[in-house]
Amino acid sequence: MTPDPREEAARLRGLIEHHRALYYQEDRSEISDEMFDSLMERLRSIEEARPDLRTPDSPTLRVGAAPLAGFDTVEHSTPMLSLDNVFSESEFRAFEARITKELGLSSPPGYSVEPKLDGVAVSLVYEDGMLARGATRGDGTLGEDVTPNLRTVRSIPLSIAVPGRFEVRGEVLFLKADFERMNAARERNGEKLFANPRNSASGSLRQLDSRITAARPLTFFAYSCPTPPEGVATQSGMLEALSGLGFLVPPGCTRAAGAGRISEEVARMGSERDALPFEIDGVVIKLDPFDQAARMGILSHSPRWAVAWKFPALETTARVVSISFGVGRTGRLTPVAELEPARLGGVTVTRATLHNEDELRRKDVRPGDLVAVRRAGEVIPEIVGSLGNPDGERPAPFPFPADCPVCGGPVVRPEGESAHRCMNPSCPARIRESLLHWASRGAMDIRGLGDTLADRLVGSGLVKELADLYRLTAADLSGIERMGSKSASSLLAQIDSSRKPPLDRMLAGLGIPGVGRVAAQSLALGFGSLEGLAAASREQMMTVEGIGPVLAGSLHLFFRDPVTRGGLDSLLAAGVSPRAEEGQRGGAGRLSGLTIVFTGTIGIPREEARELAERHGAKVTESVSTSTSLVVAGPGAGSKLERARELGVRVSDWPGFMEMIGP
Ligand code: IVH
C-alpha cells in the first residue's frame, strides 16, 4: 500500500527534526549524513509533487529561497536592548551596590552568568509553534525582516511546542571551526577570505538571496524571551526551558551570587576563552530572579538588571589612512597600514603590519578601508582582513614599490622569497636598523642608543655604517640635538667598552639572517674564532649543533658577499675584535656540545682519547651520523672517514684536535 503523501511528509519532517535536534543539541547522530540527506531528498520530492503539503516549518526551506528585492522593516515587540559595560571588579561592585540598595537586599543577589557571544543579535517570533518571523536587532526598535535567511540556520527550530505567540532572542554566529573550514574552502576556490567571524555572520545574515546564507554554516544560541514561558521565574530557569524547547543555549552558563564569585567566574571564562568553540568578548551577568529584574527596570537603551563585563579587546576595527613601508636591517620591506587611532587591548594603535606582498594581496587592504586589527602578543598588531570601504570607492590595489621608499635604491623580490628587499647596503633605514640591532641587549647592549638617537646619528650622516660608531668623538656628538656633554661621554664610554665583545654576542649583533643568540652561541663554541668561522665551508658550519643547511648558507653568504664582508672588515679595522670567552675556548667545556668520533690510529690509546674528550665536555660515539660534529682521524682510517666526508662532517687530525683543547 502506498503511504498517504501527507502522512509521509509529516513523518519525514518529524524524523528530520529529531535528528537535527540530536545533532545540534546533543552533538551526536543516530544516522549517517547520507541517510539524513536521503530523508531530506524524499521530503523534497513529495513537496515538489504536492506544493500544498509544504508547511512553513518544512526543513526543505533551509536551503534558501529566491532573492528578495529588499528587506522589510519590522518593529520589535519590546526594544532589543544593549548592555552597559564594566571592565573591572570595582565597576561591577558599583553595579551590584545599586541593586542591593534599591532592592533593599541584606545579602548579595544571585545572577545568571553567561558568555557574551560575539555575534549578531536576532529575534525569532513563533506563532502557534511555527517560526513566523526572524529579524535583526537593527536600531533596537526597528529591525530588518530576515526570515528566509534565519530559516536556513540549522540550529534554529522551525517549529516548537508552544501555543500562541512566542518570541526568542539570541545570537547568530559562526563557530570558530566552521569559520575556518569555510575560509579554507574559499581560499581553495580563489574567493576572498572573510576577515572575522562576527562581521561575516552579520554579512551572511543580511543577504537578499537566502541561498547564499544557506551555504554559510551559521549557528544560533538563544538567551532570552521578552515574555518567559509560563511558570519560569528566573533567567537560569529560562535557559533550561529554551533548551527543552529545542534551542541551543550558550554552553558554560552558571549561577553565582556576589561580586567576589562573579569575579572568579569572569576569570574562569577568560582563561577558557581560547578553548571555547565560539568567540566571546566578555561575560553577561543578569539578575537571576525575574521579579527582582522587573523592579530594577530599564534605562533608555539598557537594562538596570544586567551588565556586560567586557574582556580587553584583542581585535577591533580601524580605518586605514595610508599604507607605508618599513625597511629592516636586511633591506626587507614590510608593508604597514597607518591607521586612525583605535583602542585595542588597553592601548591605542596607529599602525598594523601586513607582513609582505602576498599578505597585502591576499587581504586586499587599500587606503580608506575599514580593517579588522588584532594584537596577538606581537608589539605591532596585525591586520586580520579588510572589510572594504563601506562609505566610498576604493582606490586601485596598492602597488608594491619598485624603489626603496627611504633611499630610492632598487627593490627586488628574490626568487622563492616572500620578501621584497632594498638592495642598497647604505640605505639609511638599513643602517638605522643594523645600528639598533647591534646596540640591542642580546648583542652589544649599548644603553642609551635607542630609536631617537639612531635616527639622529644616521640622519646627521655621522653613521653610514656600523663601524662609524667606533669613530665617533665628543665633538661629533656635541652637534647632535638634545645630547648633553654628560650623556655624550657616557655613550662614548659604553661604545668603547663594546670594542672587545664576546664572540657570540658579536655574531648575534651582526644581523646575519637567521643567526640569533642561540645559533651565535653554538657557532662561537664550535669555531672559537671569527676567522675560523669566516673561513669555514658550509659543511664545516653544519657540524655545529643547531646549524642546518639554511643557516650555513646564510653564514657562508655573509662572509663571502663583498658588501657584508666589507662591513665586517671595516668594523674590525675600527678596532672591534671579539674575545674568546672562558667556556668557549678554554676551561673545562671547550668541547661541550660536540659529538666526536675517533677513527684510525691516533696519538694515544682510544680509551684515553675518549676520556680526554669527555673531560672537555664532548660526547664520544662510535659511528658517524648527521649528528656527529667532528671526526678525529688518524692513519689507517677507513669507512668512518669516508662516511664523514659523505655527510660533510668536520674532520680533524690528532694534532688539530689537541690544538682545539688548547694548552
Ligand atoms: S541579553 C537586555 N545575553 O550583547 C540584554 N545578550 O551589548 C541584552 N549578547 O545586543 C540581551 N551574549 O547581542 C544577552 N548571553 C547574552 C549575550 C548577549 C551576547 C549581545 C547581544 C546584545 C549585546 C549587548
Side-chain angles (χ1 to χ4, degrees), residues 76-87 91-92 95 99 111-124 134-144 146 150 153 155-156 167-175 196-199 201-202 205-206 218-228 232 234-243 247-256 262 265-266 268-270 272-273 276-290 292-311 313 316:
H76 297 300
S77 58
T78 59
M80 289 185 75
L81 301 172
S82 55
L83 291 165
D84 255 1
N85 296 328
V86 297
F87 291 92
E91 286 176 24
F92 182 78
F95 161 81
I99 295 178
Y111 306 100
S112 172
V113 185
E114 306 170 12
K116 185 168 189 307
L117 307 170
D118 199 7
V120 185
V122 299
S123 136
L124 305 173
T136 61
R137 174 175 181 275
D139 65 3
T141 308
L142 300 175
E144 283 171 323
V146 288
L150 284 168
V153 177
S155 45
I156 294 181
E167 183 174 353
V168 179
R169 292 177 179 177
E171 206 87 351
V172 165
L173 47 75
F174 282 116
L175 297 181
N196 69 33
R198 209 208 80 85
N199 288 309
S202 168
L205 206 55
R206 298 183 64 257
L218 292 163
T219 298
F220 173 76
F221 287 103
Y223 48 61
S224 78
C225 309
T227 314
V232 175
T234 58
Q235 166 67 19
S236 50
M238 181 170 67
L239 291 174
E240 267 174 48
L242 286 171
S243 173
F247 292 95
L248 285 183
V249 295
C253 295
T254 49
R255 283 186 306 159
I262 294 299
E265 285 302 322
V266 171
R268 178 185 62 82
M269 282 200 203
E272 288 168 4
R273 182 177 187 181
L276 287 175
F278 40 73
E279 308 249 356
I280 64 173
D281 58 350
V283 179
V284 182
I285 302 128
K286 304 173 181 170
L287 257 184
D288 202 26
F290 286 144
Q292 291 186 348
R295 280 164 60 206
M296 288 305 293
I298 60 170
L299 297 171
S300 61
H301 294 294
S302 55
R304 298 179 71 234
W305 43 263
V307 80
W309 187 327
K310 296 280 286 271
F311 297 139
T316 186

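Numbers here are sequence positions counted from 1. Whatever order the structure lists them in is the order used to number ligands and atoms, beginning at 1. Since the model is a prediction, treat every value here as computed from it, not as a measurement.
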- prompt: Does a sphere of radius 6.0 Å around CD in E272 hold more than 12 heavy atoms from other residues, nucleotides or ligands, not counting ones at 6.0 Å or beyond?
  reply: yes

Counting neighbours of CZ on R304 that are heavy atoms of other residues, nucleotides or ligands and sit closer than 6.0 Å, is the number greater than 12? yes

Exactly one candidate in F278, F247, F174 meets ring-ring contact (aromatic ring centres under 6.0 Å, His included) with F221; the answer is F278

Ligand 1 polar-atom proximity to protein (N/O, under 3.5 Å):
unit_1, atom_1, unit_2, atom_2, d
ligand 1, 3 (N), K286, NZ, 2.9
ligand 1, 4 (O), K116, NZ, 3.2
ligand 1, 7 (O), L83, N, 3.4
ligand 1, 12 (N), L117, N, 3.0
ligand 1, 13 (O), E171, OE1, 2.7
ligand 1, 13 (O), E171, OE2, 3.2
ligand 1, 13 (O), Y223, OH, 3.3
ligand 1, 15 (N), E114, OE1, 3.0
ligand 1, 15 (N), P115, O, 3.3

Exercise. Would you call L83 and S302 a side-chain contact if the rule is heavy atoms closer than 4.5 Å?
Worked result: no

May I ask you to test the L242-Y223 pair for a side-chain heavy-atom distance under 4.5 Å? no

| request: In plain terms, say whether E144 and R206 are close enough for a salt bridge, that is, a side-chain N and a carboxylate O under 4.0 Å apart. | output: yes

